[in-house]
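One structure below.
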Amino acid sequence: MSSQDHEIKQVENALSTMYSNAPREEKANATHFLENFQKSNDAWQITHQILSDKDNVSNMQLKLFAAQTLRSKIIYDLSSQIQSENYQALKASVLNLIKLYNGNGDKLIRTQLSIALSQLALQYLTWNDAMKEIVANLTQSSDLTLVLLEFLKVLPEELSDVKKSHLSDEEYNKRSQELITDQVESVVLTLKNFAENNASNDPILNAAILDALNSWITECPIDKILSVHPLTSLVFQSLSNDTTFDKAIECLVTIVRETRDIDNHEIIDALYQQILQLNKFMHDNPDNLEDPEKVDGLTRLYVECGESWSSLIARNPQHFKPLVEILLNCCKNDDDLDIVKYTFQFWYLLKQLIVLPKFQEARQVLGDCYFELISIIIKHLTYPITPNDDDLFNGDKEQEDKFKEFRYEMGDVLKDCCAVVGASKALQIPFTQIQTILSNSQGHWQYLEAPLFSMRTMAKEVSTKEKTILPTIMSLLVQLPEHPKIRYAATLVLGRYTEWTAKNPEFLEPQLNYITKGFEVANNNDIFMATSHALMYFCQDCSELLVNYLEQLYLLYGQVKDKIDLESNYELTDGIAHVVAKVPEGNLYKISDMFLEPSLQKVSELNASDNISDEVNAQIADQLEIVVIFLQVLKVDEFDKPTHPVASLFIEKIWPLVTSILQKRASVFKVSEKCMKLIKIAVESFSSYLNPVLPQIAQILHQGYKQTEFGCYLWVSGVVIRVFGDDEYSSEEITSAAYNFGLEQCQSFFEQFFTKDEGQVKHIPDVIEDFFRMLNDLLMFFPFKLIPNLDLLDSIIKTAKVTLTVINEYNPIISCIHFLIDLISWGLPHPPISLFESKDTTPLRECIKHFVTVNNHGGELLKVVMDGLIFKFHIDVQQDASDLLLKILVVTPSTELAISWLRDVVTSLPNVQSNEVNRLIDTVSVAIPNKDNRRVRSALRDFIGWYSRKNVTPRSEI
């Protein structure tokens with residue numbers, strides 16, 4: 001056995017292992033072997049040997065793997081493993097191989113070889129007339145027709161994905177022009193000839209023609225495609241054959257989508273008439289509509305017509321109303337709600353247009369379709385009717401979750417309907433349904449719940465001035481028959497119309513009584529949640545009206561707070577706090593104290609105990625969240641008085657409790673984090689009113705971070721700097737103290753950070769994120785103090801370089817990059833923030849320019865950011881990181897130095913090509929002196945994109 005035969009056997013055995021029931025370790029070894037084989041030089045010859053043996057069909061799995069490997073080799077290894085003078089021989093061999101696999105059973109292999117040939121044609125830049133040569137090779141025999149059609153299908157798909165290519169953008173665009181744009185006319189002619197010459201109407205051949213046509217439709221002006229009668233005839237005729245139906249639908253969908261951007265209304269109308277004829281044909285042959293896959297395909301086609309022509313529909317509603325009615329009919333499908341879902345974007349797009357004054361006629365003509373749609377959607381909203389109300393989906397949790405999610409999407413459609421037909425008419429439909437159900441005494445709650453849900457979803461489209469139907473609805477809702485599901489639904493409806501109730505106070509008391517009665521229902525968490533949710537909105541929107549009900553609310557709060565779940569407790573607290581906020585200032589301390597006392601008392605008792613279990617700490621954190629919510633709602637907007645009642649309450653009762661908790665439990669992350677959140681909200685809500693305890697707050701934050709190293713202490717430190725560092729609202733003494741406090745926190749961070757090794761740093765991404773966010777606050781308010789502090793900047797840059805090199809998480813990286821952008825932007829002619837526009841920032845510009853050059857800070861930053869962009873940064877970081885690169889280059893005092901740094905960075909990259917380096921350097925060298933930042937950014941992006949595609953993008957999986 002030759003060495004090649006031996007290696008082929010090894011590959012075959014590895015494939016067998018991978019697709020067998022072998023142990024996991026054996027499978028992993030087999031996978032590793034195959035991956036290494038695909039990257040090897042030997043794979044070129046061995047894959048050719050496997051594929052050349054066409055007559056040996058004993059192992060199609062091996063041949064398919066060989067075809068996949070050849071495809072991958074050409075995509076990833078062509079330029080690095082094959083000398084350019086050998087491209088000609090490779091081209092000939094690939095053409096010979098692809099011609100071998102011309103049978104109906106060879107499609108999978110043929111596809112892989114077509115991809116390989118497409119990629120070779122793309123990268124073989126000196127292969128002139130590539131398409132002409134390929135077509136000539138694959139038209140030598142009628143047996144090769146399927147091979148050519150597969151290649152034609154694959155070529156545009158492959159060349160549409162620039163990320164696969166290792167070419168530069170310039171090379172890629174030029175080659176795409178040669179292989180695609182310049183070939184459209186000849187390819188369409190080739191497809192036309194195949195369609196005309198298929199005398200036997202072979203469905204397999206027709207399917208292949210349609211596949212190829214679909215790939216080229218987007219490359220050609222659509223009017224030219226539609227003018228080729230044999231092709232359009234083939235598309236529509238293929239709809240009557242089961243083998244070609246899906247292919248024809250795909251072609252039609254693409255064709256219709258391409259008509260979005262043309263002004264030739266005659267072509268669109270001719271297409272529209274054919275679509276109407278198609279719909280008539282399908283309904284005249286009802287067997288077609290019994291096939292779910294055909295119904296699915298037709299619906300997708302009709303939806304594409306509706307979406308693509310929505311502006312035409314709005315301008316010519318009478319003409320296009322049949323299409324809208326077809327789509328309305330699609331919504332009546334009860335068997336597959338996914339088909340109904342296809343139409344939702346259409347109803348939204350059309351609504352967006354016809355609610356505009358200039359399309360008033362369309363609103364009148366098409367309004368009845370939206371009106372009928374409301375009833376259809378409400379029917380789809382109805383939960384299944386089953387003997388067991390507790391198991392509506394026969395235990396299928398996935399199906400239940402899907403239906404619930406779908407209901408909210410249907411709710412969005414109801415909002416569209418409401419916007420078109422008007423709130424009064426829209427609400428009349430569910431109201432009438434409820435009346436009918438109640439009068440007929442139909443027993444199933446599902447029939448009542450669906451129209452109630454529809455009322456709830458339409459609430460945002462209903463004006464608070466609505467007087468026609470809502471008063472009647474509101475009177476009816478509080479009298480519905482008692483049933484848990486009905487109470488739940490009705491309560492949520494009332495919660496959605498609280499803005500209306502605020503303008504119609506005569507309905508407040510009966511609604512409030514109905515809602516609060518929900519707390520009396522025994523052990524029903526769903527109703528408790530709905531009641532708390534609705535009550536929160538009532539209190540928010542009707543706060544002034546409810547001040548007179550505070551005593552009842554207090555009693556209610558005391559009765560239910562230990563009975564309801566945590567989230568409901570928070571919502572109830574939020575609602576009550578909105579009512580308390582409307583209390584006259586003279587009573588505000590007393591009322592706030594009254595509502596907060598139960599939580600403060602409970603926290604005090606829990607903290608006083610020696611129990612430091614997770615359960616007790618969680619209870620402390622949960623009760624503190626109630627205080628947080630309360631303080632957040634009672635935020636102070638005016639600081640024209642010497643004191644504020646709630647700020648005084650914080651200083652006298654809440655702050656001592658917080659310090660007591662932290663003295664005992666600061667090492668518990670959950671407790672520290674919640675205490676920090678409370679301090680943050682207090683500082684943001686009461687700012688200068690907290691001046692008396694500001695030194696204590698700073699001490700707590702400083703000692704807390706040193707003791708725990710929790711990032712939340714830095715997070716809140718940034719808030720303190722932000723609130724008290726603004727000299728417009730704070731005295732010079734306080735702003736100075738805020739800056740010094742920031743420096744102390746920085747010093748504490750550096751003392752701990754620089755003692756950690758790489759592994760330890762990876763475990764504190766949240767602390768790093770909070771540190772850079774705090775730094776941004778320090779820089780924002782104190783640039784004239786921070787920037788000249790070169791020792792501080794030196795430590796910051798060291799931290800930044802470690803962060804961008806070691807950390808992989810998005811948040812710390814983006815917070816670091818944002819800080820660096822803001823810092824280096826001070827080296828530009830205009831300051832990055834408007835607070836200091838009136839001051840002379842020249843000294844800061846000089847500081848930044850000096851700093852980026854000293855100790856090669858700019859060059860080192862340039863390297864870590866470039867490496868991050870190429871090798872590790874998340875895609876969402878790319879734009880900001882590119883902006884940072886640009887700013888470093890622009891701020892550097894000497895263009896020659898900036899270019900030198902950039903050249904050093906890119907030439908140090910592995911496997912970089914000198915022509916690409918030179919292209920980048922030449923462009924940037926001209927652009928920077930000319931202040932052409934757009935060109936610098938574009939050149940960097942092109943280089944990074946090219947290098948990443950060539951050297952970083954992972955190979956396709958086996």
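Quick note: numbers below take in every heavy atom, side chains included, and nothing from hydrogens, waters or symmetry partners. For the single chain, residues carry numbers from 1 onward in sequence order. Quick caveat, the model's predicted, so the values are computed rather than measured.
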Return the orientation label for the His319 and Tyr272 ring planes: parallel under 30°, perpendicular over 60°, tilted otherwise.
-> perpendicular
Indicate the atoms forming the closest heavy-atom contact of Val627 with Leu600, along with that distance.
-> CG2-CD2, 3.9 Å
Check whether more than 12 heavy atoms from other residues, nucleotides or ligands sit under 6.0 Å from atom CD of Glu409, and answer yes or no.
-> yes
Within a reach of under 6.0 Å around NZ of Lys635, are more than 12 heavy atoms found that belong to other residues, nucleotides or ligands?
-> yes
Have Gln619 and Gln623 got a donor and an acceptor in their side chains that come within less than 3.5 Å?
-> no
Residue of the set Thr498, Val633, Asp574 for which side chain to side chain contact (heavy atoms under 4.5 Å, CB included) holds with Gln540 = Asp574
Atom NZ of Lys590: over 12 foreign heavy atoms under 6.0 Å | no
Evaluate the ring planes of Phe393 and Phe403, with Trp represented by its six-membered ring, and classify them as parallel (under 30°), tilted (30 to 60°) or perpendicular (over 60°).
-> tilted
Between Leu678 and Ile654, does a side-chain contact (heavy atoms from CB on, under 4.5 Å) hold up when you go through it step by step?
-> CA-CA 10 Å; Leu678 197 156; Ile654 300 172; 3.9 Å; yes
Taking it one step at a time, do Phe344 and Phe406 satisfy ring pair (Phe, Tyr, Trp, His ring centres under 6.0 Å)?
-> CA-CA 11 Å; Phe344 289 176; Phe406 185 58; 5.6 Å; yes
What pair of heavy atoms forms the shortest contact from Val340 to Asn333, and how long is it?
-> CG2-O, 3.4 Å
Minimum heavy-atom distance between Tyr689 and Glu638, given as atom pair plus value | OH-O, 3.8 Å
Check the side chains of Gln511 and Thr501 for a donor-acceptor pair under 3.5 angstrom, ignoring hydrogens and angles.
-> yes
Would you check if there is a donor-acceptor pair between the side chains of Thr432 and Gln428 at a distance under 3.5 Å?
-> yes
Kindly indicate, with the supporting measurements, whether the criterion side-chain contact (heavy atoms from CB on, under 4.5 Å) is fulfilled by Leu477 and Leu452.
-> CA-CA 9 Å; Leu477 289 177; Leu452 287 171; 3.4 Å; yes
Heavy-atom donor-acceptor pair, Glu571 side chain to His533 backbone, under 3.5 Å = yes
Flag if over 12 foreign heavy atoms under 6.0 Å of CD, Glu361 | no
Heavy-atom neighbours of Gln360 CD exceed 12 at 6.0 Å | no
In terms of heavy-atom contacts, does CD of Glu585 have more than 12 from other residues, nucleotides or ligands at under 6.0 Å?
-> yes
CD (Gln318) with more than 12 external heavy atoms under 6.0 Å = no
Between Ile576 and Leu553, the two heavy atoms sitting closest are CD1-O, 4.3 Å
Mind running ring pair (Phe, Tyr, Trp, His ring centres under 6.0 Å) on Tyr408 and Phe453 for me, showing each step along the way?
-> CA-CA 9 Å; Tyr408 287 103; Phe453 184 91; 5.7 Å; yes
Sole candidate of Tyr514, Trp500, Tyr497, Phe538 that passes ring pair (Phe, Tyr, Trp, His ring centres under 6.0 Å) when paired with Phe507 = Trp500
Value rounded to 0.5 Å, distance of SG in Cys418 from NZ in Lys351 = 10.5 Å
Closest heavy-atom contact between Ala419 and Val355?
-> O-CG1, 3.8 Å
For Leu690 and Phe650, the nearest pair of non-hydrogen atoms, with its separation, is CD2-CD2, 3.7 Å
Apply the test salt bridge (charged side-chain N to carboxylate O under 4.0 Å, His left out) to residues Asp541 and Arg496: give CA-CA distance (whole Å), side-chain angles for both, the deciding distance (0.1 Å), then the verdict.
-> CA-CA 10 Å; Asp541 296 329; Arg496 285 293 178 89; over 6 Å; no
